[in-house]
Peer 1: 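If you scroll down you'll find the structure; I have some questions about it.
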Amino acid sequence: MRLILLGAPGAGKGTVAKMLTAVDGSVQISTGDILRAAVKDGTELGRQAKAFMDAGDLVPDALIMGIMKERLKEDDCRAGFLLDGFPRTIPQAEQLKDLLKDLGIKLDAAVNLDVPRDVILDRLTTRRTCVDCGAIYNVKSAPPKVEGICDKCGGKVVQRDDETEEAISKRLDVYNEKTAPLVDFYKKEGLLLDVTATSSEAVVAAIRKRTGA
Ligand code: AMP
């Protein structure tokens with residue numbers, strides 16, 4: 001599958017992407033994960049991205065396109081890819097279109113996960129993430145077995161710096177202003193698949209039906 005996953009922060013893009021990787025070996029590419037790893041490793045990219053991320057702002061398009069131009073050329077993308085959190089602006093979508101054309105790659109769909117704002121706010125304020133492997137937990141519905149410790153790798157499970165109420169509210173505003181217009185962009189491209197289901201299983205089923213995977 002070659003998909004773009006659109007949707008506000010907390011709409012479930014990461015969860016759906018992880019489930020889809022098991023279907024046909026497509027690789028999940030999350031620009032948020034790549035940036036968080038760069039911040040953790042203290043690289044130049046991380047240094048440039050951190051202040052934007054902590055404030056709930058978008059990282060500049062040029063930095064993101066630099067990452068994605070290299071990432072999409074890697075071998076593991078041949079089996080397919082699930083773009084999670086990219087593109088996030090119209091210029092990114094336009095540059096991705098050119099990049100894919102150059103690489104001779106056709107997208108199957110751009111999936112828009114449409115989830116009500118109150119559901120999203122509740123999910124994000126209760127979400128916790130492993131700093132080492134990125135596993136996602138929820139303090140209400142899916143806590144780690146031992147508080148603060150990742151079941152999978154033993155890493156520390158924390159609330160992300162950008163998941164305080166203030167940063168979340170900012171991220172949702174940024175989403176509405178900068179990323180929501182991509183829904184129309186991909187509609188015009190004839191690639192849009194709108195999914196309103198709230199369960200990840202139902203979303204995966206709708207995507208498989210569309211792509212035949
Ligand atoms: P995410 O985990 O996808 O919500 O991303 C976390 C943060 O990383 C975002 O709030 C942005 O600051 C930054 N980020 C991730 N992907 C992008 C992107 N495609 N364009 C700009 N900033 C991004």
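Whatever order the structure lists them in is the order used to number ligands and atoms, beginning at 1. Nothing here was measured: the structure is a model prediction, and the numbers come from that model.
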Peer 1: Which residue pairs pass the salt bridge (charged side-chain N to carboxylate O under 4.0 Å, His left out) test when at least one of the two sits in residues 21-41, sequence neighbours left out?
Peer 2: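 Those involving residues 21-41 are D33-R36, K40-D132.
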
Peer 1: Going by side-chain contact (heavy atoms from CB on, under 4.5 Å), name the residues that satisfy it together with S141, two or more places apart in sequence or in a different chain.
Peer 2: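 Scan of S141 (side-chain contact (heavy atoms from CB on, under 4.5 Å), adjacent residues dropped) gives N138.
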
Peer 1: Shortest non-hydrogen contact from A93 to L182?
Peer 2: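 That would be CB-CD2, 3.7 Å.
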
Peer 1: More than 12 heavy atoms of other residues, nucleotides or ligands under 6.0 Å from CZ of R78: yes or no?
Peer 2: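 Open.
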
Peer 1: Applying salt bridge (charged side-chain N to carboxylate O under 4.0 Å, His left out) as the test, list every pair that has at least one member in residues 174-198; sequence neighbours left out.
Peer 2: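 Checked against salt bridge (charged side-chain N to carboxylate O under 4.0 Å, His left out) - neighbours excluded - the pairs reaching residues 174-198 are K97-E189.
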
Peer 1: If you take all heavy atoms of R117 and N176, which pair is closest and at what distance?
Peer 2: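 Smallest interatomic distance, heavy atoms only, reads NH1-ND2, 4.0 Å.
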
Peer 1: At a heavy-atom distance under 4.0 Å, which protein residues reach ligand 1? Sort them by chain and number, would you?
Peer 2: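 The answer is T31, G32, L35, R36, M53, D57, L58, V59, I64, G85, F86, R88, Q92, R160, D162, R171, counting any residue whose heavy atom sits under 4.0 Å from ligand 1.
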
